[in-house]
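The chains referred to below are lettered A, B, ... by the order of the sequence lines, with proteins before strands, and numbering in each begins at 1.
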2 protein chains.
Amino acid sequence: MSVDIEDVSAISSVLKLLGDKTRMTILSYLKGHELCVCELVDLLHVSQPAMSQHLKKLRLAGIIRERKQGTWVYYSLNEQLPKYVSVVIETLPNQNLGNYRNPDCC
Amino acid sequence: MSVDIEDVSAISSVLKLLGDKTRMTILSYLKGHELCVCELVDLLHVSQPAMSQHLKKLRLAGIIRERKQGTWVYYSLNEQLPKYVSVVIETLPNQNLGNYRNPDCC
DNA sequence: CAATTATATATCCACATGATTATATTATGA
DNA sequence: TCATAATATAATCATGTGGATATATAATTG
């Protein structure tokens with residue numbers, strides 16, 4: 001079985017993206033369910049522009065995917081992540097959405 | 001079997017450390033063998049103070065260990081790393097030291 | 001088409017971070 | 001003890017990065 005060797009530059013730039021508390025929290029919320037931008041804004045108490053920029057970075061790095069539906073944009077974890085990324089995400093706690101209901105939307 | 005869940009803040013601060021090309025290269029060189037500071041300076045073409053500061057950060061984060069022997073300080077990977085860290089390190093390419101010989105020391 | 005809603009982008013700013021230079025520390029050996 | 005070598009720390013600086021505010025875009029609805 002071949003090993004998943006990658007370029008040091010590529011790995012470190014992905015890890016730099018992951019090395020942000022807000023982005024890691026986003027990823028922990030995306031474990032299991034897709035969420036739209038306004039839900040993430042709601043859950044993380046982060047401004048909408050800030051959220052938008054974090055999501056853009058994660059998307060450009062291929063870590064998350066977007067699905068547009070009308071005005072809403074739903075984000076979810078990308079399947080087929082490099083192993084070292086998926087292990088990091090597995091290590092994150094599962095966020096408990098509790099009785100949070102999808103606002104329709106914000 | 002219990003899962004290795006950690007705090008989001010703790011994980012992101014470790015990943016921030018790993019998200020640096022120089023530090024990742026240091027770790028790739030430390031795979032398999034301990035190296036002293038001057039050897040790392042030599043191999044990475046990084047200034048001695050810069051190297052010293054990177055090593056300090058990695059050591060304070062518990063990713064590497066130091067072993068002092070006279071004036072020399074040897075660094076090596078810490079065993080017992082969190083899984084997500086060791087997977088990252090395993091993903092790094094093994095650096096070929098070629099016919100590089102331990103300078104005695106610099 | 002106008003108004004509204006969800007999201008994205010642009011600009012600016014405060015702060016963190018990595019590199020460099022200079023200096024300090026520590027150990028060794030003459 | 002003095003000189004030297006290996007490493008660490010301090011100070012400074014330039015650059016990068018995240019957040020806030022303002023504005024733009026795009027889709028929906030009346």
Enquirer: Using a cut-off of strictly less than 4.0 Å, decide whether B:His54 has a side-chain nitrogen or oxygen near OP1 or OP2 of C:dA19.
Expert: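 Affirmative; the distance criterion is met.
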Enquirer: Keeping to residues at least two apart or across chains, list the salt bridge (Lys or Arg N to Asp or Glu O under 4.0 Å) pairs with something in residues 73-82 of chain B.
Expert: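 Applying salt bridge (Lys or Arg N to Asp or Glu O under 4.0 Å) to every pair that reaches into residues 73-82 of chain B, excluding sequence neighbours, yields B:Arg65-B:Glu79.
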Enquirer: I need the CD-P distance between A:Glu66 and C:dT9, as an integer number of Å.
Expert: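 After rounding, the reported distance stands at 9 Å.
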Enquirer: Quick one: which residue pairs count as a salt bridge (Lys or Arg N to Asp or Glu O under 4.0 Å) with a foot in residues 43-64 of chain B, not counting sequence neighbours?
Expert: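 Residue pairs with at least one partner in residues 43-64 of chain B: B:Arg59-B:Glu66.
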Enquirer: Whether B:Tyr75 contacts D:dA8 is assessed here as follows: a side-chain N or O lying under 4.0 Å from the phosphate OP1 or OP2. Is that the case?
Expert: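 Yes, within the criterion.
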Enquirer: Just checking, is any N or O donor in the side chain of A:Lys21 or B:Ser12 under 3.5 Å from an acceptor N or O on the other one?
Expert: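 No, because no side-chain N or O of A:Lys21 sits under 3.5 Å from a partner of the opposite role on B:Ser12.
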Enquirer: Measure CD1/B:Ile64 against P/D:dT7 and give the value in whole Å, please.
Expert: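 Computing the B:Ile64:CD1 to D:dT7:P distance gives 13 Å.
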Enquirer: Say whether, by atom type as modelled, one donor and one acceptor occur between the side chain of A:Ser28 and the main chain of A:Thr25 under 3.5 angstrom.
Expert: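 The answer is yes, because a donor-acceptor pair under 3.5 Å joins these two groups.
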Enquirer: Considering residues at least two apart in sequence or located in another chain, which fulfil the side chain to side chain donor-acceptor pair (under 3.5 Å) criterion with A:Arg67?
Expert: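 By the side chain to side chain donor-acceptor pair (under 3.5 Å) rule, A:Arg67 matches A:Glu34, A:Gln69.
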Enquirer: Detail all sub-3.5 Å separations between protein N/O atoms and N/O atoms belonging to nucleotides 20-24 of chain D.
Expert:
{"unit_1": "D:dA20", "atom_1": "OP2", "unit_2": "A:Ser47", "atom_2": "OG", "d": "3.4"}
{"unit_1": "D:dA20", "atom_1": "N6", "unit_2": "A:Gln53", "atom_2": "NE2", "d": "3.2"}

Enquirer: Tell me what B:Lys68 touches on the nucleic acid: a base, only sugar-phosphate, or nothing, going by heavy atoms under 4.0 Å.
Expert: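 Contact class for B:Lys68: none.
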Enquirer: Can you check the A:Lys57 NZ to D:dG19 P distance for me, whole Å?
Expert: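 Nearest whole value for this atom pair: 8 Å.
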Enquirer: Without decimals, in angstroms, what is the distance between A:Leu55 CG and C:dA6 C1'?
Expert: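 Taking atom C1' of C:dA6 as the reference, CG of A:Leu55 is at 13 Å.
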Enquirer: Ignoring backbone atoms, test whether B:Thr22 places a side-chain nitrogen or oxygen under 4.0 Å from the OP1 or OP2 oxygen of C:dA19.
Expert: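 Checking C:dA19 against B:Thr22, a side-chain N or O does come within under 4.0 Å of OP1 or OP2.
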Enquirer: Return the set of residues passing side chain to side chain contact (heavy atoms under 4.5 Å, CB included) with A:Ser13 (not counting sequence neighbours), or none when no residue passes.
Expert: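 With sequence neighbours excluded, A:Ser13 shows a side chain to side chain contact (heavy atoms under 4.5 Å, CB included) to no residue whatsoever.
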Enquirer: So if I take the C1' atoms of five pairs at each end of the helix from C:dC1-D:dG30 to C:dA30-D:dT1 and get each local axis, what angle do the two axes make, rounded to 10 degrees?
Expert: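 Its terminal axes enclose an angle near 10°.
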